[in-house]
Amino acid sequence: MNNNGMMEKEEIFSKVLRAGRRTYFFDVRATKADDYYLTITESKKFTNDDGSYHYKKHKIYIYKEDFSEFKEILAEMTDYIIREKGDEVISERHQKDFKKEYDVSSNGTTNEEVTSSTDSFTDIDFDDI
């Protein structure tokens, strides 16, 4: 049972997409009238300072009467992104090498200089402790 005292609807058909820290759950569920609808849940893992972790979830419900327009808009938006920015993933993690050459901190040092001064630190995985 969920917090509202209502039983969670049983999944009829499910698929999972794991994407790094995020996991997407696509679930077909049944209404009380035994019609089907889709839920898409994004679950994101967050690690606390003490090493424990928790998940934040966001869920959307898509009903059959909205499928056609939803698919059209999703296709239009994804096509636009690929057309404008290409297939290559551009993120902070992927731009570190690019940014460190050009970013200058408030004290006048470049990120490259700051990175060089921290290269002697050991990367510790707390699962090993």
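Computed over heavy atoms, backbone and side chain alike; hydrogens, waters and symmetry mates excluded.
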* Taking atom CD of Glu65 as the centre, does the number of heavy atoms from other residues, nucleotides or ligands within less than 6.0 Å exceed 12? -> yes
* **Residue pairs, two or more places apart or on separate chains, that pass side-chain hydrogen bond (donor to acceptor under 3.5 Å, both in side chains) and touch residues 74-87** => none
* Please report the closest heavy-atom contact between Ser14 and Asp27, naming both atoms and the distance. => OG-OD1, 2.6 Å
* Interatomic distance, Lys59 atom NZ to Thr39 atom OG1 [nearest 0.5 angstrom] -> 5.0 Å
* To do: Would you give the length of the straight line joining atom CZ of Arg18 to atom CZ of Phe25, rounded to the nearest 0.5 angstrom?
  => 6.0 Å
* Asked: Going from NZ on Lys56 to NZ on Lys44, what distance comes out if it is rounded to the nearest 0.5 angstrom?
  -> 8.5 Å
* **Whether Tyr61 and Tyr37 hold their rings parallel, tilted or perpendicular, with breakpoints at 30° and 60°** => tilted
* Asked: Which ILVMFWY residues are connected to Leu17, directly or by a chain of links, through side-chain heavy atoms under 4.5 Å apart?
  -> Tyr24, Phe26, Leu38, Ile40, Ile60, Ile62, Phe67, Phe70, Leu74
* **Partner residues of Asp50 under the side-chain hydrogen bond (donor to acceptor under 3.5 Å, both in side chains) criterion, sequence neighbours left out** => Ser52
